[in-house]
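The structure appears below as structure tokens.
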Amino acid sequence: MRRLPLFKIARRNVWRNKRRTAITVAALASAAGFIVWFSAFGEGFGEKTAEDIVRSGLGHVVVEPAGFEKNPQVEKFLRSPREVERLVEGRPRVQAWSPRVEMRGLASSPENSMGAVIYGVDPRREPRISILPRRLAEGEFFREGEERGVILGYKMAEVLGVELGDMVGVMVQNVDGEVAAEAYELVGLLRMGNPAFDNGAVLLPLSQTQHLLGYEEGYNKIVILAESRADVETIRDGLAAEVPPGVDVLAWFEVSPQAFQYYGIMVGLLIFILLLLIVLASFGMTNTILMSVLERVNEFGVMAALGLRPFQVFRVILYEATVLSALGIAVGLLGGGLASWINTVYGADLGAWSGSVGVMGFIDPVVPFVMRPAHFVLGAVTVFFIATVSAIYPGVKAARLRPVVAMRRV
Amino acid sequence: MDKVVEIQNLHKVYRDGFDVHALRGVDLDIARGDFMTIAGPSGSGKTTLLNILGGLDRPTEGRVFIEGQEVTAMSRSELADLRRRRLGFVFQSFNLIPVLTARENVEFALILRGVEPNRRRELPQKVLGQVGLDECMRERRPFDLSGGQQQRVAVARAIVGEPAVVLADEPTANLDTENALALLDLMERLNEERQATFIFSTHDPRVMERAKRHVMLRDGEVVSDERRA
Ligand SMILES: Nc1ncnc2c1ncn2[C@@H]1O[C@H](COP(=O)(O)OP(=O)(O)OP(=O)(O)O)[C@@H](O)[C@H]1O
Ligand SMILES: [Mg+2]
């Protein structure tokens, strides 16, 4: 069988115009590298969004009174939570759980007052399911058995003009529809880096909120932390089948659909950028290859005169693009991989856009990238696709050159 | 006579804004082993005729047969096959594939013909020797060879596969006298040794002197057809 050295010819052709090759390879490498880098960013962004939301107290799975999510009224609470607790305790793939009370209310100082979200947290269990206890700028978290004091978001404390040791008033509507108010000593300042908490969170010991709202033993949420995010659906579905009527079991992304939306936006953005990249790069590269074909009309004339079939001439152009894309992919994956790796270690500080990042529920503005083999595959496949598609038109053009026309350009 | 090429009433009209009647009814029979020049003033249709003979272009009217096969009725890929198997070309310039060395250029023609690997390694060296290309030149790329050397490689490539017909369009036009004569000697010798049919176009009186047969074109018509003893 004869094997024409078409690939050899293509490979050598690539080296003929070193400048053009360098520019083309650099462009393809940038595309591949950017895809790798941006995918790792997107992945990290998604992970972080999810993890931050989960770890700031939302949990992976939440058990709560039916309809509480849509309409969190004070009358909706788990009256006899022991039954549900028994279902959760010791359940496979459940890492930890904690009861919670969440209610809107008012916080006030002698100087000022403002709306707040009041969290009643279990001093013993809360540290296992959220990072709130570890995010105190000042003071200390509640101690077990000593259920006193209040913790405020640090900005809220500023607005109220209170310091540690000052008294803070908390006012809610209780289960009987009456206004209930109590004063607590400020024992800690919460600093999450997320405005929702820093500007509006009031933390009280669970027992204090139960007392304030008139819930007795009841509360309105069980927050469950799964061993991993992959277990979320299993736990949710398992629990949902067992809980008594009137109780909802929700996954984190159902409780906080905006987190999921951000994830969707991120994926959408990635696809958009990819398409844009493909279109732009393909145009640029088609142009470059076409130029190189038109410069070599004579050569293709010679090849045709030697008896190369049009498809064989086409393959030379296609192989040239393949060689270029292979070089671009190699350089790009290496560069993009290295850049992403640096970002997996140091993270990307989105502090510059912190205005919008805050809205996303980030605990801090540093996003650590997450690298996956799939990102490299995506980068390589995309660039290979760009190069191949770009070779088609110039290749057909070269193959269609009638030898006599080609030879006349001598 | 063993006819290798048969040309019947060939017309070519280029429609390029206005019509150019480049060939006006050419009839020629060419015998195997002939060594023939086609001469004529510029624009007389020499290149047009060679292109149509080689299946590089199609006539407006008329028929061409090579070894009994009608070239003018062939498809693109049949033409490619014909060129690969039965024809050799030498052009005025830009004959070689620039990224292949002299030897690889010759070998390329053999691969195209499906010659087996062993012979593919030996033959190019032998033929490049016959055309007088020094061994040290054979691994150079065309860019690093002189015009005369390039033409020799082109001739080597054209004849290495033992084609029925070698078509050469002004192969000496870019060469000085010394090189032109050397190339002619070479082609003459190959014509005798291998019985390959050579058809080439030229303006060059030095070339015309050497041919066994000498056809003159003017305005797309054969005005004389002489045979030398
Ligand atoms: N592709 C083309 N389109 C239009 N006209 C053409 C084309 N090729 C050749 N011609 C015209 O046809 C005529 C014959 O051209 P041809 O190239 O065959 O002449 P030639 O004898 O080879 O000339 P020269 O000695 O200059 O090479 C000329 O008038 C030329 O201008
Ligand atoms: Mg000519």
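Order of the sequence lines fixes the chain letters, A, B, ..., with proteins taken first and strands second; residue numbering starts at 1 for each chain.
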| task | Please assess B/Ile97 against A/Arg12 for the test side chain to side chain contact (heavy atoms under 4.5 Å, CB included), listing each intermediate value before the final yes or no. | result | CA-CA 11 Å; B/Ile97 297 174; A/Arg12 291 187 185 170; over 6 Å; no
| request: Could you please spell out the steps behind the side chain to side chain contact (heavy atoms under 4.5 Å, CB included) verdict for B/Leu96 and A/Val302? | output: CA-CA 7 Å; B/Leu96 304 175; A/Val302 168; over 6 Å; no
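Nearest approach of A/Pro310 to B/Arg76, heavy atoms of both residues: CG-NE, 3.8 Å.
For a residue to count as touching a neighbouring chain, one of its non-hydrogen atoms must lie under 4.5 Å from one of that chain's; by this rule B/Arg86 does not touch chain A. No part of B/Glu116 comes within reach of chain A, as not one of its non-hydrogen atoms sits under 4.5 angstrom from that chain.
Between A/Arg11 and B/Val99, every side-chain heavy-atom pair lies at or beyond the 4.5 Å cut-off. Inter-residue side-chain proximity for B/Phe108 and A/Ile9 is flagged as met; some heavy-atom pair is nearer than 4.5 Å. In this structure, A/Arg309 and B/Asp81 have side chains that are in contact, with non-hydrogen atoms separated by less than 4.5 Å. Proximity of A/Arg16 to B/Pro98: side-chain heavy atoms (C-beta onward) are separated by under 4.5 Å at one or more points.
One finds the CG atom of A/Leu6 at 9.0 Å from the CD1 atom of B/Ile111 (value rounded to the nearest 0.5 Å). Taking CZ of B/Arg84 as the start and CG of A/Leu308 as the end, the distance is 7.5 Å to the nearest 0.5 Å.
Around CZ of A/Arg400, the count of heavy atoms belonging to other residues, nucleotides or ligands within 6.0 Å does not exceed 12. Summarising the local packing, OH of A/Tyr393 is surrounded by 12 or fewer heavy atoms from other residues, nucleotides or ligands at distances under 6.0 Å.
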